[in-house]
There are 2 protein chains.
Amino acid sequence: MTSIAADQQPLYQRIANDFAARIASGALKIGERLPSERQMAEDLGYSRMTARQALKVLERRGLVETRTGRGAFVAHPQIEQQLSTLSGFTEDMQRGGRVASSIVLDAGVGAADLEAANALGIAEHAPVHRLVRVRLADAEPVGLERTEIPAALAPKLLDRADFTTDSLYRVLREDYGIYPSEAEQRLWSAHPDASSAAALGISMQSSVLVLTRRTLDATRRPIEYVRSVYRGDCFVMRVNLTLGKDA
Amino acid sequence: MTSIAADQQPLYQRIANDFAARIASGALKIGERLPSERQMAEDLGYSRMTARQALKVLERRGLVETRTGRGAFVAHPQIEQQLSTLSGFTEDMQRGGRVASSIVLDAGVGAADLEAANALGIAEHAPVHRLVRVRLADAEPVGLERTEIPAALAPKLLDRADFTTDSLYRVLREDYGIYPSEAEQRLWSAHPDASSAAALGISMQSSVLVLTRRTLDATRRPIEYVRSVYRGDCFVMRVNLTLGKDA
DNA sequence: TGCTACCAGTGGTATGCACCACTCTCTTGC
DNA sequence: GCAAGAGAGTGGTGCATACCACTGGTAGCA
């Protein structure tokens, strides 16, 4: 029976995936405690070491964090943190004592242009949810963000929440079970085009930071494509590179 | 004897650190094969599982990569790869069919200014190795990189090699046993100052990408501070974010 | 000569056990 | 009433063992 390839995945991977799915579906909420290693093993009939191995996988994926003598807990989503510290807008503003906010310029369904379609792996002119927001610091526009998400991926997405304040990722996660797990970002320095300059209230001779981001979920399915323009004089991007957590 | 805190570190960590040190010192070279798990265990008197655990640590640190049925091998340094793909200069140029090269404008010992001193954790005016290079694509200047390294860290560093072609990290690694393992990068969009504009042959109204990088080694000791200016019209920075390798 | 089949060695997975340090609770004793 | 201490439960470390899938070489056959 070696021909059966159905669950050729190792046991600990299946256990990990099972928990990952339960976290994604919301059956396990952020901060909630997982069953103890011994209990998992006994209840479900495998060894404690196997349970540990599964937890290690979840920990490395950033879905779970463990505390000695306490237990294992569902962690706060990490890629989102990385994406947000990368563009660290809100914190930057708050650290500077300024108030961050957004204005939604557009929120609806449109047709993907060629660039977005390529990035998202869909046909040109295929329908996408489009969210265009101006980022403000103390009511002054400092950035223009344009996000596109395949319409087929998340039906009625933009009816779900008020994205002036709400997080797009939170809705994708909690309402659609979609977890960002990977992202490719490109950024460069340029002068703004006419419409961006107008939206930001700056001259076309100014220096701006242009950013594109292609975000994938755990199955490497593209879930969003972002194109942003930030004013160069009030925006610093931080990137931290590390190798593992072990000293 | 519970008071002795000398080697309270777990066994597998000590094994891992031992191998890490041997890799850093050059006793184990890149690509070289490590002893097999069973052999390590038998020779040195601990369990195979413990040896495995140590190898897992090294794998996560990016020092070692394992191949089923083959063995474990010393990996190519990863942070350096990340730093270079981040600034992906050479590859970008090669992909575009252009030839990448450098001109060394300055290579010697100087006094740290306040910004560099703070970043490197040394006193202002303390001696640093200073390396200033212009990056060229097809003989056209596209970036200006200014690197500073505490002089105390690597005596006679700049006599060691010709940095027109050689890699700074390679020399740090092989001659001084210093491994970059962490980096903080900041970047923003701006107009160049007069001297940078002159070095790059561009106008002061151009848009440039400014980058600073603070690199730390495994003990979180600052080892370099880099300030760079890149022409916005011919430089794209790529950043990839991921969580773990497991599907 | 050239292919196949085998085999020894390797990492990968899984089990089971033992002991430790840590955290929290609940009881005991002042 | 409150503090010290016992105890149960948790993750962390380390051990021994077994079998699997994969790799590379080699011996043997055509």
Side-chain angles (χ1 to χ4, degrees), chain A residues 1-20 28 31-75 244-247, chain B residues 1-20 28 31-75 244-247:
Chain A
M1 305 306 149
T2 53
S3 61
I4 298 180
D7 53 354
Q8 283 303 22
Q9 223 178 9
L11 177 55
Y12 73 88
Q13 282 282 4
R14 288 194 309 249
I15 299 170
N17 288 337
D18 182 49
F19 274 101
L28 285 168
E32 191 171 342
R33 186 170 168 278
L34 271 58
S36 83
E37 297 171 352
R38 289 170 176 86
Q39 195 178 341
M40 284 174 54
E42 189 177 356
D43 288 2
L44 302 171
Y46 40 75
S47 153
R48 182 189 161 205
M49 290 306 293
T50 306
R52 271 185 73 75
Q53 217 168 347
L55 286 174
K56 277 285 180 202
V57 171
L58 293 171
E59 203 177 349
R60 272 195 56 193
R61 280 198 224 170
L63 289 176
V64 154
E65 65 186 283
T66 62
R67 276 175 289 217
T68 338
R70 300 279 316 278
F73 301 82
V74 179
K245 295 175 189 170
D246 322 279
Chain B
M1 306 310 149
T2 54
S3 62
I4 298 178
D7 53 355
Q8 283 304 22
Q9 225 178 6
L11 177 56
Y12 72 89
Q13 281 284 5
R14 289 194 307 251
I15 299 170
N17 287 339
D18 182 51
F19 274 100
L28 285 168
E32 191 171 342
R33 186 172 169 278
L34 272 60
S36 83
E37 298 171 353
R38 289 171 177 84
Q39 195 178 341
M40 284 174 55
E42 189 177 357
D43 290 359
L44 302 171
Y46 40 75
S47 152
R48 184 191 158 202
M49 290 305 292
T50 306
R52 270 185 72 75
Q53 217 169 347
L55 285 174
K56 276 286 179 200
V57 171
L58 293 171
E59 202 177 351
R60 272 195 55 194
R61 279 199 224 169
L63 289 176
V64 154
E65 66 186 281
T66 61
R67 276 174 287 214
T68 329
R70 301 281 315 280
F73 301 82
V74 179
K245 293 177 190 170
D246 321 279

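Naming convention: chains lettered A, B, ... in sequence-line order (proteins, then strands); numbering from 1 in each chain.
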| task | Give the intermediate values and the outcome of side-chain contact (heavy atoms from CB on, under 4.5 Å) for residues Val57(A) and Ile15(A). | result | CA-CA 10 Å; Val57(A) 171; Ile15(A) 299 170; over 6 Å; no
| request: Walk me through it: do Phe73(B) and Arg67(B) pass the test side-chain contact (heavy atoms from CB on, under 4.5 Å)? | output: CA-CA 8 Å; Phe73(B) 301 82; Arg67(B) 276 174 287 214; 3.3 Å; yes
| Test side-chain contact (heavy atoms from CB on, under 4.5 Å) applied to Leu34(B) and Val64(B), step by step | CA-CA 9 Å; Leu34(B) 272 60; Val64(B) 154; 3.9 Å; yes
| task | Could you walk me through whether Arg14(A) and Phe19(A) pass side-chain contact (heavy atoms from CB on, under 4.5 Å), step by step? | result | CA-CA 9 Å; Arg14(A) 288 194 309 249; Phe19(A) 274 101; over 6 Å; no
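Proximity of Lys56(A) to Lys56(B): side-chain heavy atoms (C-beta onward) are nowhere separated by under 4.5 Å. By the 4.5 Å heavy-atom criterion applied to side chains, Asn17(A) and Gln9(A) are counted as neighbours.
Taking five base pairs at each end of the helix from dT1(C)-dA30(D) to dC30(C)-dG1(D) and finding the rotation axis that steps the C1' atoms of four pairs onto the next four gives two axes whose angle is 0°, to the nearest 10°.
Nucleotide dG24(D) holds its P atom 12 Å from the CZ atom of Arg33(B), rounded to whole Å. Residue Leu11(A) contributes atom CG, which lies 16 Å from atom P of dC20(D) at whole-angstrom precision. The distance between atom NZ of Lys56(A) and atom P of dA14(C), rounded to the nearest whole Å, is 17 Å. If you measure from atom CZ of Arg52(A) to atom C1' of dC20(C), you get 13 Å, rounded to the nearest angstrom. In this structure, CD of Gln53(A) is placed 10 Å from P of dT15(C), rounded to the nearest angstrom. Computed from coordinates, the Met49(A) CE to dA18(D) P distance equals 17 Å when rounded to whole Å. Rounding to whole angstrom units, CD of residue Gln13(B) and C1' of dG12(D) are separated by 12 Å.
Using a 4.0 Å cut-off on heavy atoms, the residues of residues 66-75 of chain A that approach DNA chain D are Thr66(A), Arg67(A), Thr68(A), Gly69(A), Arg70(A), Gly71(A), Ala72(A), listed by number. At a non-hydrogen distance threshold of 4.0 Å, Glu37(A), Arg38(A), Arg48(A) from residues 37-48 of chain A come into contact with DNA chain D.
Listed candidates were dT13(D), dG14(D), dT13(C). Nearest to the side chain of Thr50(B) is dG14(D).
Annotation for Ala54(A) and Ala16(A): closest pair O-CB, 3.8 Å, computed over non-hydrogen atoms. Closest heavy-atom contact between Arg61(B) and Gln13(B): NH2-OE1, 3.7 Å.
For residues 39-50 of chain B, the set of pairs meeting the side-chain hydrogen bond (donor to acceptor under 3.5 Å, both in side chains) definition, not counting sequence neighbours, comprises Glu37(B)-Arg48(B).
Annotation: side-chain contact (heavy atoms from CB on, under 4.5 Å) contacts of Gln53(A) (sequence neighbours excluded): Tyr12(A). With sequence neighbours left out, the side-chain contact (heavy atoms from CB on, under 4.5 Å) criterion links Ala75(B) to Glu65(B).
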